[in-house]
Amino acid sequence: MQTLTISLIQGATRWHDAEANRDYYGRLIAQAAPSDLLVLPETMMSGFTQDTRSTVETMDGPGLAWMREQAQLSGATLTGSLAIREGETIYNRLLWVRPDGSYDSYDKRHLFRMADEHKRYGSGTERPVLEIRGWRILPQVCYDLRFPVWLRNRRDESQSGGMDYDLALFVANWPVGRRHAWRTLLRARAIENLAFVVGVNRVGVDGHDLVYSGDSAVIDPLGEALVELGAVEQVTTVQLDPAQLLAHRQRFPAWMDADEFSVQLD
(Lines give C-alpha, C1' and ligand atoms only; values in the text may rest on other atoms or scores of the structure.)
Protein backbone atom coordinates (compact mmCIF):
# COMPACT_ATOMS: atom_id res chain seq x y z
CA MET A 1 0.00 0.00 0.00
CA GLN A 2 1.19 3.49 -0.90
CA THR A 3 -0.02 6.93 0.16
CA LEU A 4 -3.46 7.56 -1.38
CA THR A 5 -4.55 11.04 -2.46
CA ILE A 6 -8.31 11.65 -2.62
CA SER A 7 -10.20 14.79 -3.68
CA LEU A 8 -13.74 15.36 -2.44
CA ILE A 9 -15.90 17.27 -4.95
CA GLN A 10 -18.84 18.67 -2.95
CA GLY A 11 -21.18 20.55 -5.30
CA ALA A 12 -24.74 21.80 -5.76
CA THR A 13 -26.06 19.43 -8.43
CA ARG A 14 -28.31 21.11 -11.00
CA TRP A 15 -31.83 19.63 -11.12
CA HIS A 16 -32.60 17.51 -14.20
CA ASP A 17 -29.90 19.19 -16.29
CA ALA A 18 -27.17 16.74 -17.25
CA GLU A 19 -25.42 19.13 -19.63
CA ALA A 20 -25.22 21.85 -16.98
CA ASN A 21 -23.93 19.32 -14.44
CA ARG A 22 -21.21 18.11 -16.79
CA ASP A 23 -20.03 21.71 -17.25
CA TYR A 24 -20.38 22.49 -13.54
CA TYR A 25 -18.60 19.44 -12.17
CA GLY A 26 -15.96 19.72 -14.87
CA ARG A 27 -15.05 23.16 -13.49
CA LEU A 28 -14.90 21.80 -9.93
CA ILE A 29 -12.72 18.85 -10.97
CA ALA A 30 -10.29 21.31 -12.58
CA GLN A 31 -9.85 22.94 -9.15
CA ALA A 32 -8.74 19.71 -7.47
CA ALA A 33 -5.12 19.09 -6.59
CA PRO A 34 -3.40 16.19 -8.38
CA SER A 35 -5.12 13.09 -7.00
CA ASP A 36 -5.40 9.35 -7.31
CA LEU A 37 -9.18 9.41 -6.81
CA LEU A 38 -11.82 12.11 -7.42
CA VAL A 39 -15.17 11.57 -5.69
CA LEU A 40 -18.44 13.19 -6.85
CA PRO A 41 -21.91 12.91 -5.24
CA GLU A 42 -24.71 10.44 -5.93
CA THR A 43 -26.88 11.03 -9.06
CA MET A 44 -24.54 13.83 -10.06
CA MET A 45 -26.12 14.37 -13.50
CA SER A 46 -29.70 14.86 -12.27
CA GLY A 47 -30.09 15.14 -8.52
CA PHE A 48 -31.90 12.45 -6.52
CA THR A 49 -35.08 12.19 -8.57
CA GLN A 50 -37.58 9.43 -9.23
CA ASP A 51 -38.43 10.93 -12.64
CA THR A 52 -36.34 8.36 -14.43
CA ARG A 53 -37.95 8.96 -17.83
CA SER A 54 -36.24 12.32 -18.29
CA THR A 55 -32.96 11.65 -16.46
CA VAL A 56 -31.90 8.06 -17.19
CA GLU A 57 -28.91 7.29 -19.41
CA THR A 58 -27.40 4.16 -20.90
CA MET A 59 -23.81 3.00 -20.69
CA ASP A 60 -23.15 4.34 -24.18
CA GLY A 61 -24.58 7.76 -23.27
CA PRO A 62 -22.89 11.10 -22.50
CA GLY A 63 -22.44 10.47 -18.75
CA LEU A 64 -19.88 7.69 -19.00
CA ALA A 65 -18.21 9.39 -21.97
CA TRP A 66 -17.81 12.56 -19.90
CA MET A 67 -16.39 10.63 -16.95
CA ARG A 68 -13.84 8.97 -19.21
CA GLU A 69 -12.81 12.34 -20.58
CA GLN A 70 -12.47 13.85 -17.11
CA ALA A 71 -10.50 10.87 -15.80
CA GLN A 72 -8.09 11.10 -18.72
CA LEU A 73 -7.65 14.88 -18.35
CA SER A 74 -7.08 14.70 -14.59
CA GLY A 75 -5.01 11.53 -14.57
CA ALA A 76 -7.18 10.26 -11.71
CA THR A 77 -9.87 7.65 -11.19
CA LEU A 78 -13.27 9.35 -11.10
CA THR A 79 -16.35 8.06 -9.27
CA GLY A 80 -19.97 9.11 -8.68
CA SER A 81 -23.40 7.67 -9.50
CA LEU A 82 -25.87 8.07 -12.37
CA ALA A 83 -29.29 6.63 -13.26
CA ILE A 84 -28.47 3.94 -15.84
CA ARG A 85 -30.86 1.74 -17.82
CA GLU A 86 -29.91 -1.87 -18.57
CA GLY A 87 -32.63 -3.55 -20.62
CA GLU A 88 -35.92 -2.95 -18.79
CA THR A 89 -34.29 -2.10 -15.45
CA ILE A 90 -32.89 1.21 -14.17
CA TYR A 91 -30.09 1.23 -11.62
CA ASN A 92 -28.60 3.89 -9.38
CA ARG A 93 -25.14 2.98 -10.63
CA LEU A 94 -21.83 4.10 -9.20
CA LEU A 95 -19.22 4.24 -11.95
CA TRP A 96 -15.52 3.87 -11.24
CA VAL A 97 -13.68 5.26 -14.26
CA ARG A 98 -9.90 5.09 -14.65
CA PRO A 99 -7.65 7.42 -16.69
CA ASP A 100 -7.14 4.71 -19.34
CA GLY A 101 -10.92 4.60 -19.96
CA SER A 102 -11.54 1.25 -18.27
CA TYR A 103 -14.24 1.16 -15.62
CA ASP A 104 -16.05 -0.87 -12.99
CA SER A 105 -19.49 -0.29 -11.52
CA TYR A 106 -21.59 -0.90 -8.43
CA ASP A 107 -25.41 -0.87 -8.45
CA LYS A 108 -26.90 0.54 -5.25
CA ARG A 109 -28.03 -2.39 -3.12
CA HIS A 110 -30.33 -0.67 -0.61
CA LEU A 111 -33.02 1.46 -2.25
CA PHE A 112 -34.57 4.34 -0.32
CA ARG A 113 -38.19 3.25 -0.02
CA MET A 114 -39.22 6.47 1.78
CA ALA A 115 -38.83 8.15 -1.63
CA ASP A 116 -40.12 5.10 -3.58
CA GLU A 117 -36.68 4.42 -5.04
CA HIS A 118 -37.40 0.69 -4.71
CA LYS A 119 -40.37 1.04 -7.09
CA ARG A 120 -38.38 2.64 -9.92
CA TYR A 121 -34.90 1.16 -9.62
CA GLY A 122 -33.42 -2.31 -9.54
CA SER A 123 -31.33 -3.43 -6.58
CA GLY A 124 -27.72 -4.47 -7.04
CA THR A 125 -26.46 -7.91 -6.04
CA GLU A 126 -22.68 -7.50 -6.31
CA ARG A 127 -20.30 -5.99 -3.75
CA PRO A 128 -17.09 -5.15 -5.61
CA VAL A 129 -13.86 -4.22 -3.87
CA LEU A 130 -11.63 -2.13 -6.15
CA GLU A 131 -7.94 -1.30 -5.91
CA ILE A 132 -5.85 1.85 -6.21
CA ARG A 133 -2.18 2.01 -5.17
CA GLY A 134 -2.57 -1.17 -3.14
CA TRP A 135 -5.63 0.11 -1.25
CA ARG A 136 -8.75 -2.07 -1.36
CA ILE A 137 -11.79 0.20 -1.62
CA LEU A 138 -15.46 -0.68 -1.11
CA PRO A 139 -17.65 1.74 -3.15
CA GLN A 140 -21.22 2.30 -1.91
CA VAL A 141 -24.16 4.65 -2.48
CA CYS A 142 -25.97 6.79 0.13
CA TYR A 143 -28.63 4.64 1.91
CA ASP A 144 -26.22 1.68 1.92
CA LEU A 145 -24.50 3.46 4.81
CA ARG A 146 -27.30 2.35 7.17
CA PHE A 147 -26.72 -1.39 6.68
CA PRO A 148 -23.72 -2.64 8.67
CA VAL A 149 -24.11 -6.33 7.78
CA TRP A 150 -23.74 -5.55 4.06
CA LEU A 151 -20.73 -3.35 4.84
CA ARG A 152 -19.03 -5.64 7.33
CA ASN A 153 -15.29 -5.89 6.82
CA ARG A 154 -14.13 -9.51 6.89
CA ARG A 155 -10.81 -10.97 7.97
CA ASP A 156 -8.69 -11.76 4.90
CA GLU A 157 -5.07 -12.49 5.72
CA SER A 158 -4.24 -12.91 2.04
CA GLN A 159 -4.45 -9.11 1.76
CA SER A 160 -1.73 -6.74 2.94
CA GLY A 161 -4.05 -5.06 5.43
CA GLY A 162 -5.37 -8.36 6.77
CA MET A 163 -8.98 -7.48 5.92
CA ASP A 164 -11.40 -7.45 2.99
CA TYR A 165 -11.09 -3.70 2.42
CA ASP A 166 -9.12 -0.69 3.68
CA LEU A 167 -11.48 2.15 2.80
CA ALA A 168 -15.27 2.34 2.43
CA LEU A 169 -16.51 5.10 0.13
CA PHE A 170 -20.04 6.56 0.05
CA VAL A 171 -21.45 8.94 -2.57
CA ALA A 172 -24.68 10.54 -1.41
CA ASN A 173 -27.62 12.91 -1.66
CA TRP A 174 -28.29 13.02 2.09
CA PRO A 175 -30.68 15.83 3.23
CA VAL A 176 -30.00 18.15 6.13
CA GLY A 177 -32.93 16.74 8.13
CA ARG A 178 -30.95 13.52 8.61
CA ARG A 179 -27.57 15.22 8.97
CA HIS A 180 -26.91 13.75 12.43
CA ALA A 181 -27.39 10.21 11.11
CA TRP A 182 -24.99 10.82 8.20
CA ARG A 183 -22.24 12.17 10.43
CA THR A 184 -22.73 9.47 13.07
CA LEU A 185 -22.90 6.52 10.69
CA LEU A 186 -19.76 7.53 8.79
CA ARG A 187 -17.89 7.35 12.09
CA ALA A 188 -19.55 4.11 13.16
CA ARG A 189 -18.67 2.35 9.90
CA ALA A 190 -15.02 3.42 10.26
CA ILE A 191 -14.72 2.30 13.89
CA GLU A 192 -16.44 -1.08 13.55
CA ASN A 193 -14.67 -2.00 10.31
CA LEU A 194 -11.17 -0.80 11.25
CA ALA A 195 -11.04 1.16 8.01
CA PHE A 196 -10.95 4.66 6.61
CA VAL A 197 -14.31 6.01 5.43
CA VAL A 198 -14.92 8.69 2.79
CA GLY A 199 -18.37 10.23 2.33
CA VAL A 200 -19.18 12.80 -0.37
CA ASN A 201 -22.57 14.52 -0.18
CA ARG A 202 -24.05 17.37 -2.19
CA VAL A 203 -25.06 20.88 -1.07
CA GLY A 204 -27.81 23.30 -2.11
CA VAL A 205 -31.53 22.75 -2.69
CA ASP A 206 -33.01 20.20 -5.08
CA GLY A 207 -36.20 20.16 -7.16
CA HIS A 208 -38.17 18.78 -4.20
CA ASP A 209 -37.05 21.74 -2.05
CA LEU A 210 -34.87 19.43 0.04
CA VAL A 211 -31.85 21.17 1.54
CA TYR A 212 -28.45 19.46 1.66
CA SER A 213 -25.76 20.41 4.16
CA GLY A 214 -22.80 18.65 2.56
CA ASP A 215 -20.81 17.40 5.55
CA SER A 216 -18.57 15.44 3.20
CA ALA A 217 -15.82 13.88 5.27
CA VAL A 218 -12.81 11.63 5.56
CA ILE A 219 -12.89 9.57 8.77
CA ASP A 220 -9.95 7.60 10.11
CA PRO A 221 -10.21 4.08 11.62
CA LEU A 222 -10.56 5.58 15.11
CA GLY A 223 -13.63 7.55 14.04
CA GLU A 224 -11.87 10.90 13.96
CA ALA A 225 -12.50 13.33 11.09
CA LEU A 226 -9.39 14.12 9.07
CA VAL A 227 -11.49 16.40 6.86
CA GLU A 228 -15.08 17.55 7.33
CA LEU A 229 -16.65 20.05 4.96
CA GLY A 230 -19.45 22.51 5.65
CA ALA A 231 -22.58 23.36 3.68
CA VAL A 232 -21.01 25.16 0.73
CA GLU A 233 -19.54 24.16 -2.61
CA GLN A 234 -16.04 22.95 -1.87
CA VAL A 235 -13.19 20.93 -3.31
CA THR A 236 -10.60 19.55 -0.94
CA THR A 237 -7.82 16.99 -1.12
CA VAL A 238 -6.46 14.69 1.58
CA GLN A 239 -3.64 12.15 1.70
CA LEU A 240 -4.16 8.85 3.50
CA ASP A 241 -1.18 7.11 5.09
CA PRO A 242 -1.45 3.32 5.13
CA ALA A 243 0.92 3.12 8.10
CA GLN A 244 -1.76 4.63 10.35
CA LEU A 245 -4.29 2.02 9.26
CA LEU A 246 -1.97 -0.97 9.55
CA ALA A 247 -0.64 0.12 12.95
CA HIS A 248 -4.18 0.50 14.32
CA ARG A 249 -5.21 -2.96 13.11
CA GLN A 250 -2.11 -4.48 14.72
CA ARG A 251 -2.55 -2.54 17.96
CA PHE A 252 -6.31 -3.18 18.23
CA PRO A 253 -7.09 -6.43 16.36
CA ALA A 254 -10.82 -6.57 17.08
CA TRP A 255 -11.28 -8.28 13.72
CA MET A 256 -9.83 -11.45 15.26
CA ASP A 257 -12.91 -11.75 17.49
CA ALA A 258 -15.51 -10.99 14.81
CA ASP A 259 -18.43 -13.35 14.19
CA GLU A 260 -18.57 -15.54 11.11
CA PHE A 261 -21.70 -15.12 8.98
CA SER A 262 -22.95 -15.09 5.42
CA VAL A 263 -25.27 -12.68 3.58
CA GLN A 264 -28.21 -14.10 1.65
CA LEU A 265 -29.54 -11.91 -1.17
CA ASP A 266 -33.20 -12.05 -2.16
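Below, each value reflects all heavy atoms present in this structure, side chains not excepted, and no hydrogens, waters or symmetry copies. Quantities reported herein were computed from a predicted structural model and do not represent experimental measurements.
Between Glu42 and Arg202, none of the side-chain N atoms (NZ, or NE/NH1/NH2) sits under 4.0 Å from a carboxylate O, so this pair counts as no salt bridge. Taking 4.0 Å as the cut-off between side-chain N and carboxylate O, Asp107 and Arg93 count as a salt-bridged pair. Using a 4.0 Å cut-off between charged nitrogen and carboxylate oxygen, Asp164 and Arg127 count as a salt-bridge pair. Using a cutoff of 4.0 Å between basic side-chain nitrogens and carboxylate oxygens, Arg120 and Glu117 are not scored as salt-bridged. At a threshold of 4.0 Å, the pair Arg183-Glu228 counts as salt-bridged, since one of the basic side-chain nitrogens sits closer than that to a carboxylate oxygen. A salt bridge does not link Arg98 with Asp36: every distance from a Lys NZ or Arg NE/NH1/NH2 to an Asp or Glu carboxylate oxygen is 4.0 Å or more.
The OH atom of Tyr25 lies 9.5 Å from the CD1 atom of Ile29; values are rounded to the nearest 0.5 Å. Atom CG in Leu246 sits 11.0 Å away from atom CZ in Arg251 (nearest 0.5 Å). Distance check, rounded to the nearest 0.5 Å: CG of Leu240 to CZ of Arg133 gives 11.5 Å.
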Candidate pair Tyr165 and Trp135, rule ring pair (Phe, Tyr, Trp, His ring centres under 6.0 Å), full reasoning = CA-CA 8 Å; Tyr165 65 84; Trp135 289 71; over 10 Å; no
Under the side-chain contact (heavy atoms from CB on, under 4.5 Å) rule, what do Val97 and Thr77 come out as? Steps first, then yes or no, please.
-> CA-CA 5 Å; Val97 183; Thr77 296; 5.9 Å; no
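No side-chain donor-acceptor contact under 3.5 Å links Tyr212 to the backbone of Asp215. For Asn201 (side chain) and Trp174 (main-chain N/O), a donor-acceptor pair under 3.5 Å exists by modelled atom type.
Relative orientation of the Phe147 and Tyr143 rings is perpendicular, given thresholds of 30° and 60° on the angle between their planes.
Residue Gln72 places its CD atom among 12 or fewer non-hydrogen atoms of other residues, nucleotides or ligands, all under 6.0 Å distant. Annotation: Gln244, atom CD; neighbour count of heavy atoms from other residues, nucleotides and ligands within 6.0 Å is above 12.
Residue Ile6 forms a side chain to side chain contact (heavy atoms under 4.5 Å, CB included) with just one option from Val198, Thr237, Ile132, and that option is Val198.
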